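Inspection log for the structure reproduced underneath, given as structure tokens.
This structure is a prediction, so every number in the text was calculated from the model and none was measured.
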Amino acid sequence: MSSDDENDLIFKALASATRRRMLDEIKDAPLTTGDLCQRFPELDRCTVMQHLKVLEGADLVIARREGRERWNHLNSMPIKQIHDRWIGPYAERAVSLLDRLKTDLET
């Protein structure tokens with residue numbers, strides 16, 4: 001799979017507010033699928049699993065089985081790669097433009 005295809009999967013996964021909330025829930029510590037279901041009472045278990053499947057497909061979630069439980073761990077590397085590729089360079093350019101504007105206004 002090409003880098004662009006991988007980025008498309010990540011952006012698709014992050015496009016959903018529900019999936020972003022799920023990532024927020026597992027940011028500090030992994031949660032079982034049952035725990036996630038309890039934190040999203042508006043969703044049935046099947047829907048939670050569908051969202052997790054999209055997150056796993058984008059490599060944002062790594063699932064580990066321990067007995068009957070499925071633990072969902074955040075993999076922040078794809079987000080860092082998106083930041084390094086897209087956000088960092090654009091932010092750097094914006095900061096540079098603001099710095100030039102400040103300099104121009106001060107002179």
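Taking each heavy atom of Ala58 and Leu9 in turn, the nearest pair found is CB-O, 3.5 Å. The shortest heavy-atom contact between Gly34 and Arg45 is CA-NH1, 3.8 Å. The two residues Glu25 and Leu36 make their nearest non-hydrogen contact at CB-CD2, 4.0 Å. When every heavy atom of Glu56 is checked against every heavy atom of Ala63, the shortest pair comes out as OE1-CB, 3.8 Å.
Here Arg20 pairs with nothing under the salt bridge (charged side-chain N to carboxylate O under 4.0 Å, His left out) rule; sequence neighbours left out.
No side-chain heavy atom of Leu14 sits under 4.5 Å from any side-chain heavy atom of Ile82. Looking at heavy atoms from C-beta onward, His51 lies in side-chain contact with Thr47 at the 4.5 angstrom threshold. Looking at heavy atoms from C-beta onward, Arg64 lies out of side-chain contact with Arg70 at the 4.5 angstrom threshold. Counting only heavy atoms from C-beta outward, the side chains of Asp84 and Lys80 approach each other to under 4.5 Å.
In this structure, Trp71 is not a member of the same hydrophobic cluster as Val48, with clusters built from ILVMFWY side-chain heavy atoms closer than 4.5 Å. Under a hydrophobic clustering in which Ile, Leu, Val, Met, Phe, Trp and Tyr are joined whenever their side-chain heavy atoms come within less than 4.5 Å, directly or via other members, Val54 and Met22 fall into different clusters. Linking ILVMFWY side-chain heavy atoms closer than 4.5 Å, directly or via other members, places Leu31 and Leu43 in a single hydrophobic cluster. Put simply, Ile62 and Leu55 are part of two different groups of oily side chains (I, L, V, M, F, W, Y) that touch within less than 4.5 Å, one to the next.
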* Which is it for Leu52 and Arg19 under the side-chain contact (heavy atoms from CB on, under 4.5 Å) test, yes or no, and what are the steps along the way? -> CA-CA 8 Å; Leu52 286 171; Arg19 289 191 286 268; over 6 Å; no

* Derivation and outcome, side-chain contact (heavy atoms from CB on, under 4.5 Å), residues Leu74 and Leu23 -> CA-CA 7 Å; Leu74 173 67; Leu23 293 176; 3.7 Å; yes

* Test log, rule salt bridge (Lys or Arg N to Asp or Glu O under 4.0 Å), inputs Asp104 and Arg100 -> CA-CA 6 Å; Asp104 288 348; Arg100 280 201 332 242; 5.8 Å; no

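Between the side chain of Ser96 and the backbone N or O of Glu92 there is no donor-acceptor pair closer than 3.5 Å. Using a distance-only test at 3.5 Å, with no hydrogens or angles considered, no donor-acceptor pair links the side chain of Ser16 to the main chain of Ala13.
One finds a salt bridge joining Arg21 and Glu42 here, because a Lys/Arg side-chain nitrogen approaches an Asp/Glu carboxylate oxygen to under 4.0 Å. With respect to Glu69 and Arg65, no salt bridge is recorded, no charged nitrogen being found less than 4.0 Å from a carboxylate O.
Taken to the nearest 0.5 Å, the CD1 atom of Ile10 stands 10.5 Å off from the CE atom of Met77. Atom NZ of Lys12 and atom CG of Asn7 lie 15.0 Å apart (nearest 0.5 Å). The structure places CD1 of Ile26 at 11.5 Å from CG of Asp35, a figure rounded to the nearest 0.5 Å.
Asn72 and Thr33 share a side-chain donor-acceptor pair at under 3.5 Å.
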